[in-house]
Amino acid sequence: MSSEITPARRAGIEVAVVASALIAAFAVAGIVLAVIGADPIEAFGILVYGAFGYPEAIGYTLYYATSYMFAGLAVWVALKAGIFNIGGEGQAYLGGLGAALPCLFLDTLPPILLLPLAMISAAVFGAGWAAIPGYLQARRQTHVVVTTIMFNFIAGALMTYLLNNWLLAPGGGSPETRSFAPQAIMPALHEILALVGIKIAHSPANLSLLVALLAVACTWTFMFRTVWGYETRVVGANPNAARYAGIDPGAVILRTMLISGALVGLVAVNEVMGVHKRLILDFPAGAGFVGIAVALMARESAIGLVLASVLFAALAQGSLDLVIDMPMINREVVRLIQGVLILFCGALPSLFRKFITRLLTQSPAAAQAGAL
Amino acid sequence: METATQILLLVAAAIRLATPLLLAALAGLYAERSGVIDLSLEGKMLAGAFAGAAVASVTGSVWVGALGAILTGIVLSLLHGFATVTHRGNQVVAGMAINIAMAGLIPTVAQAIFALGGQTPQLGPAQRFLNVALGNNALTFFAFLAVPATGWLLYRTGWGLRLRAVGENPYAVDTAGLPVARLRYQALLVNGALAGLAGAYLSMAANAGFSRDMTAGKGYLAIAALIFGRWAPVPTMLACLLFAFADAAQAQLQTVRILPSQFVGALPYILTVLVLALVGKGGGMPKALGIPYVKERGA
Amino acid sequence: MHRLLSPVLMLVLLALAPAAVTAADFMPAIVFDMGGKFDKSFNQMAYEGAEAWRKENGIAYREFEVTSPVQREQALRQLARRGAAIVIAIGFSQGPAVATVAKEFPNTKFTVIDAIVDAPNVQSVVMREQEGSFLVGMLAAMKSQTGKVGFVGGMDIPLIRKFAAGYRQGALYVNPKIEVLENMTGTTPEAWNDPTRGAELAKAQFGRGVDVIYAAAGGTGLGVYQAAKDAGKYAIGVDSNQNYVQPGTMLTSMVKRIDKVVGEAFTSARDGSWQPGTRDLGLAADAVGWALDQYNRPLITAEMEERCKQATADIVAGKIKVSETCSNAACTN
């Protein structure tokens with residue numbers, strides 16, 4: 001039976017499953033909205049409009065999606081090696097330090113040198129913060145979940161200390177660095193497109209978006225087209241088998257954690273160099289945790305990862321208009337809706353998979369329709 | 001003399017700080033020993049903290065309040081079970097979803113009922129767990145007694161054997177004719193009750209009422225303690241005590257003003273990593289942890 | 001039909017918004033920072049001020065609670081676009097966002113609290129928390145039997161250091177030999193919402209002989225007040241008058257009248273008397289101070305009240321200078 005399911009049909013099933021999970025999630029969220037006295041249809045209209053309805057909104061959605069892509073990729077890569085890196089938040093925070101140092105102290109360099117340097121530095125700092133948990137997991141079997149939780153707290157302490165005592169803007173009363181010089185700032189998309197004569201709305205979406213998409217492509221190539229990627233997958237699937245095949249699981253785990261940390265460190269390129277243009281307290285704002293949901297929803301698909309990032313980005317952005325325009329909806333209600341969405345799309349798709357698979361595999365005609 | 005008093009105070013503080021961690025970590029232990037990762041301890045604690053204080057405040061009884069916290073924890077556990085056991089959803093995502101949803105739902109409900117900005121009213125003495133003996137309250141005694149009780153249940157009873165087996169090799173359990181799903185649900189019932197109580201400790205013992213986001217990451221710390229304790233009751237308790245002791249010590253150290261407050265504040269976490277690194281060699285993880293059980297159909 | 005149209009309508013409205021501002025439909029707005037409007041701290045004070053103003057004037061206001069740093073700028077911009085006549089931004093973190101958005105909307109008035117932004121359409125309000133803290137530090141020192149008083153802050157940031165520094169100076173002013181113990185709750189945003197930790201920090205300080213604690217830590221403070229009550233010691237509230245929280249053991253509260261500032265900003269924007277520039281508000285403007293009401297009346301002696309009155313006059317007159325920071329325990333700087 002299962003051998004009859006073609007890849008196209010399987011893809012059709014996946015799409016139908018995700019679609020029904022989304023519909024169910026919005027149905028439950030709609031009930032919640034109705035309970036608090038908001039018109040669900042109007043609310044969803046505003047949500048979608050707020051995320052995609054006008055050029056600036058799209059820009060903001062893309063900006064959020066950029067951070068979520070980096071964070072999601074980081075978790076995804078680690079998961080492939082069988083390790084659960086929930087330290088993205090701390091690694092991104094340290095990535096911010098990595099990005100800020102060259103932007104503050106080497107800003108006499110021209111952008112063509114400074115921007116790549118700061119990007120590399122962000123990745124290196126992110127990787128560095130992941131290196132210790134990675135090493136401990138690889139060589140001491142110290143569970144990476146515990147150490148990365150601890151490293152999130154330690155990162156918070158370290159950054160608060162640095163921002164309050166060393167990086168504070170001179171004379172400034174708040175824990176943040178001075179603004180970066182213009183050559184240290186990631187060009188915004190509207191600025192780049194203006195150079196070639198295309199005018200789009202101002203938004204925080206910046207060159208990092210392209211870096212993120214490139215990172216997705218590179219990560220997938222790495223994972224499915226290279227020897228290192230193959231080794232990663234073998235270790236993730238079965239460390240003992242890997243050992244028999246002559247692969248050192250420890251080395252692979254350390255390597256993967258470094259890659260993971262480097263990827264999430266790039267969140268800082270988007271946030272610190274692209275948007276805030278200075279290093280501020282708590283700038284990752286939970287992106288590292290959203291990355292977990294993104295990675296788990298992406299499964300085996302690069303497009304899935306991008307779409308999951310856009311979904312969470314749309315929620316983050318669309319809720320702004322929602323909260324402003326519907327006074328009965330506050331940020332708590334938005335969080336509740338996010339929770340419901342994650343539950344249905346991330347944890348409950350099998351609720352529909354059984355049904356849809358049966359539906360699409362019983363009659364060839366229906367299966368055909370599903371594939372299309 | 002002075003030093004002795006300080007040490008006694010430190011130990012007392014550590015026991016108080018360890019109690020909610022221990023209750024939550026034991027909650028996690030039941031779930032994870034049955035093969036279900038529980039990342040939702042934070043959300044269950046938050047809901048339990050609110051439900052306990054809200055019910056106690058309305059009924060005037062600490063015990064009815066505690067029951068409210070337990071039932072609320074169980075409801076969330078059943079939701080978690082519905083997603084992960086019945087429908088074999090991703091356990092980590094389901095847990096995170098519960099945390100996020102509760103962070104949104106609880107303040108909304110609290111505001112709707114009490115209109116105090118997401119708080120419950122202050123609890124009076126009859127609505128709180130007060131110290132009963134040795135400067136500690138009933139929940140603390142319960143938490144520490146739950147450790148040997150859990151050990152006995154897990155290692156000395158048939159139910160415990162089956163529960164552990166389900167977390168190690170559900171296929172074998174299934175082949176032996178035992179219901180995998182039912183065992184996991186049973187584990188989740190205990191899990192919900194304990195997690196709810198962990199929350200109740202925060203709002204009804206350590207404090208006198210619920211306030212927003214009052215779990216402040218303790219659910220995640222409990223997971224760390226559980227993993228640190230290698231999913232075994234006594235080591236998990238020791239891990240909770242270590243975290244709590246380090247936390248209590250940093251409060252004392254901060255006032256001396258030798259090191260920057262941030263470094264002292266990070267000491268418990270640094271210490272944990274160091275101890276873990278030195279002790280090394282993990283293990284003890286239930287082999288089927290995180291893997292939804294798919295019953296083999298006669299293909 | 002209406003529902004389908006509304007997004008289109010909104011687009012049109014958005015385009016027209018800046019022109020649509022008239023005195024007839026005066027719409028004030030307020031943007032709270034990350035803590036949210038129920039943070040038991042400065043955001044909540046601002047919220048209470050806005051609510052009081054709404055009830056008094058019967059005019060609704062728009063509001064937004066920021067959940068990520070990037071939303072600060074965005075929320076200000078969206079509210080300005082929707083025709084808000086005045087947008088109040090709460091908290092030092094919003095300063096740079098106000099600077100950016102104020103430039104884009106030169107006809108919208110912005111009032112930012114706890115930050116200074118130099119722009120022709122921005123009013124910056126800074127409060128001298130150190131002055132109010134000085135007075136409660138004096139009260140703590142006068143009340144203390146042990147010669148040790150405590151401070152519990154939320155996070156070690158410049159704003160909280162102002163509270164701590166003022167408190168320390170006030171305590172030393174009364175008793176040069178006094179010992180001031182300081183604790184900071186944490187380094188992540190959770191530090192503002194952890195009453196259990198607050199209670200433990202308070203208990204640790206009580207264990208070292210402290211008998212009065214001043215908490216400047218948002219929701220964490222509730223744990224400090226409860227611990228003080230359970231131990232029969234004294235606590236001092238912050239931002240709003242929190243004397244009622246634990247009557248009998250709340251010595252006083254350091255009040256920071258953000259509620260008043262918010263009401264004044266709304267009212268002045270409506271009647272046209274709103275002025276850009278910096279308002280540096282301290283004891284002289286009655287913007288900070290200490291709370292005395294029926295809940296703490298029995299705890300405050302006539303002598304304590306008298307000395308505080310004298311110190312207030314001296315600070316206003318410039319005879320006592322309260323520094324914003326203390327680099328050492330004696331605060332000799």
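Residue numbering restarts at 1 for every chain, and letters A, B, ... go by the order of the sequence lines. Since the structure is predicted, the reported quantities are computational estimates derived from the model, not experimental observations. For the numbers below, each heavy atom of this structure counts, side chains included, while hydrogens, waters and symmetry mates do not.
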Student: Checking B:L79 against chain A: side chain, backbone, both or neither under 4.5 Å from a heavy atom?
Tutor: side chain
Student: Check this for me: A:Y135, atom OH, are more than 12 non-hydrogen atoms of other residues, nucleotides or ligands nearer than 6.0 Å?
Tutor: no
Student: Counting heavy-atom pairs under 4.5 Å with chain B, which one of A:I86, A:V145, A:I132, A:I292 comes out on top?
Tutor: A:I292
Student: Could you go step by step and tell me if B:L226 and A:H143 meet the side-chain contact (heavy atoms from CB on, under 4.5 Å) rule?
Tutor: CA-CA 11 Å; B:L226 173 64; A:H143 208 291; over 6 Å; no
Student: Please flag which part of A:F344 lies under 4.5 Å from any non-hydrogen atom of chain B: side chain, backbone, both or neither.
Tutor: neither
Student: Side-chain atoms of residues 92-109 of chain B: list all donor-acceptor pairs with protein atoms under 3.5 Å, sequence neighbours left out, distances to 0.1 Å.
Tutor:
residue, atom, partner, partner atom, Å
B:N99, OD1, B:G43, N, 2.7
B:N99, ND2, B:L39, O, 2.8
B:N99, ND2, B:Y220, OH, 3.0
B:T108, OG1, B:G104, O, 2.7

Student: Taking C-beta and beyond as the side chain, do A:N330 and B:Q111 meet within less than 4.5 Å on heavy atoms?
Tutor: no
Student: Roughly how far apart are A:N164 CG and B:Q262 CD, rounded to 0.5 Å?
Tutor: 6.0 Å
Student: Rounded at 0.5 Å granularity, tell me how far CD1 in A:I149 sits from CG in B:L221.
Tutor: 7.5 Å
Student: If you take all heavy atoms of A:L343 and B:A83, which pair is closest and at what distance?
Tutor: CD1-CB, 4.3 Å
Student: Ring-plane angle category for A:F153 and B:Y269, please: parallel below 30°, perpendicular beyond 60°, tilted otherwise.
Tutor: parallel
Student: Rounded to the nearest 0.5 Å, what separates atom CZ in B:F228 from atom OG1 in A:T147?
Tutor: 11.0 Å
Student: Which residues pass the salt bridge (Lys or Arg N to Asp or Glu O under 4.0 Å) test with A:R331, not counting sequence neighbours?
Tutor: C:E65
